J.: 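One structure follows; several queries about it will come next.
All of these numbers come straight from a predicted model, not from anything done at the bench. When a ligand or atom number is given, it counts from 1 through the structure's own listing order.
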Amino acid sequence: MKIIQADYIYTPNGYIHHQAVAFSDKIEEIAKVDTLKDTYPDAEIIQMQDHSILYPGFINTHVHLEFSSNKTSLKYGDFMPWLDSVIQHREALVGECDNAVMMQQCQKMMASGVTTFGAISSFGNELEVCEKTPQRVVFFNELIGSNAMYADMLYGDFMERVKASMSCEKSSRISPAIAIHSPYSVHPIILQKAVTVAKQHQLPLSAHFLESKAERIWLEEGKGAFKGFFEKYFNTSTPVSTIQEFMYAFDTHPTHFTHCTQAKQDELDYLAQKGHSIAHCPRSNRYLGCGRLPIENLNLPYTIATDGLSSNDSLSILDELRAILMMHHDIPMNTLALQLIDAITSKASDILGLNCGRIEVGRLADFAIITLDEKPKREEELALWTILHSKKVTQLYIEGERYL
Ligand code: BEZ
Ligand code: FE2
């Protein structure tokens, strides 16, 4: 047993003061430190520095590790030139991205307090690293392929990867999950089969959706920059799905839709009505010229994610939160900061079906500890100071073990 004491603890009831947490691999009790010492006399005592705040470990819901070697290869600023540059540089980038490169990025995520992440995997290359990192990983096996001729083969390969991720469930902190690449790149027949698998096995399900203006124009009118793209690379000139057909395919299983920057209000309302949620990737959206998701009007739960280094400059969740404070300038600062902490802890945990994300008895002991440079003068600004002043966490625990 361990007892950790910090000036503040972020709980489902807000920040609490003068309390401590007793934990094994799970959170056992929250009370005054003297009470806990009486109950657990043999416990190891961890006294955090002054001005520290104990948070549940942070969750980055959507990351593509396989692109971790990108720095200046991919073209930022506009979605279609970016996608073209992905096709052009993909092989080289994935080739350069060995386990050491990906592990270094897992460690950088940990330094920013991330104890859990959602790994979007196209080929299964990340599986070994995701088994080795101490972090909890929701391993999203991605299905891609719009061409009916290759659909069965691609689906077969996808199912092999799903099974491989299922078989490491016991020996690591991996939980298997399914990702659908997008409405333009997945044939409706295999899409429906994959949704059925997610439903049967109760697996988390995610999909990129309405990320760019070009995607919207292609799905609605069969026109725009995607037309040239599909003619060039796939020898086709019609979309495989409409916006509505794609959305309806997920009616029976709550899905975490990534981006939705180009979704209209009626589409967001539909997603909300079906119990879906959104992964918001503000820096990726800005860097690829995809617009801004208006989180001030969202009527469905959202999480925050960095996306991959294919469309970002770091996988730090703290960097991502600071970007949100700049982009969503209409929401009062303290309100937004609190919403963001909630989004990367309890909201993300609920959406991914995990038992972490909250400091409450019975939850997994995943913690991120932030230390402020001086005594916070007002409690209502703790979330804001956490986001503005923290580049790294002071300590990090996963299932009761210290990793930083
Ligand atoms: C496709 O299979 O249709 C596809 C793959 C990658 C990007 C876009 C489309
Ligand atoms: Fe993505």
J.: For R173, is there an ion pair with E169 - N to carboxylate O distance below 4.0 angstrom?
T.: no

J.: Any idea which N/O/S atom from D307 gets closest to the Fe ion (ligand 2)?
T.: OD1

J.: Tell me: protein heavy atom nearest atom 6 (C) of ligand 1, and distance?
T.: I144 CD1, 3.5 Å

J.: Counting only N and O atoms by type, is there a donor-acceptor contact under 3.5 Å from the side chain of R216 to the main-chain atoms of I243?
T.: no

J.: Could you check T306, T115, T303 and say which one makes a side chain to side chain donor-acceptor pair (under 3.5 Å) with N60?
T.: T306

J.: Against heavy atoms of G145, which atoms of ligand 1 measure under 4.0 Å?
T.: 2 (O)

J.: Are F209 and F246 close enough that their ring centers fall under 6.0 Å?
T.: yes

J.: When you measure from the Fe ion (ligand 2) to each N, O or S atom of H62, which atom gives the shortest distance?
T.: NE2

J.: So which heavy atom in the protein is nearest atom 3 (O) of ligand 1, and how far is it from that ligand atom?
T.: S146 OG, 2.5 Å

J.: Using 30° and 60° as the class limits, which term best fits the ring planes of F257 and F250: parallel, tilted or perpendicular?
T.: perpendicular

J.: Do any of the N/O/S atoms of H259, backbone or side chain, fall under 2.8 Å from the Fe ion (ligand 2)?
T.: no

J.: Give the residue and atom name of whichever protein heavy atom lies nearest to atom 9 (C) of ligand 1, and the separation in Å to one decimal.
T.: S185 CB, 3.5 Å

J.: Between W218 and F230, is the ring centre distance below 6.0 Å?
T.: yes

J.: Centre of F79's six-membered ring, under 6.0 Å away, within 45 degrees of the axis: is that where NZ or CZ of K213 sits?
T.: no

J.: Any atoms of ligand 1 less than 4.0 Å from a non-hydrogen atom of F234? List them with their elements.
T.: 1 (C), 2 (O), 3 (O), 4 (C), 5 (C), 9 (C)

J.: Show the atoms of ligand 1 that are less than 4.0 angstrom away from any heavy atom in Y184.
T.: 8 (C)

J.: Identify the two heavy atoms, one from P12 and one from R358, that lie closest to each other, and give their separation to 0.1 Å.
T.: CG-CD, 3.8 Å

J.: Take every heavy atom of F229, measure it against each atom of ligand 1, and state whether any distance is under 4.0 Å.
T.: yes

J.: So is H181 polar-close to ligand 1, meaning N/O to N/O under 3.5 Å?
T.: no

J.: Tell me, which N, O or S atom in H208 is closest to the Fe ion (ligand 2)?
T.: NE2

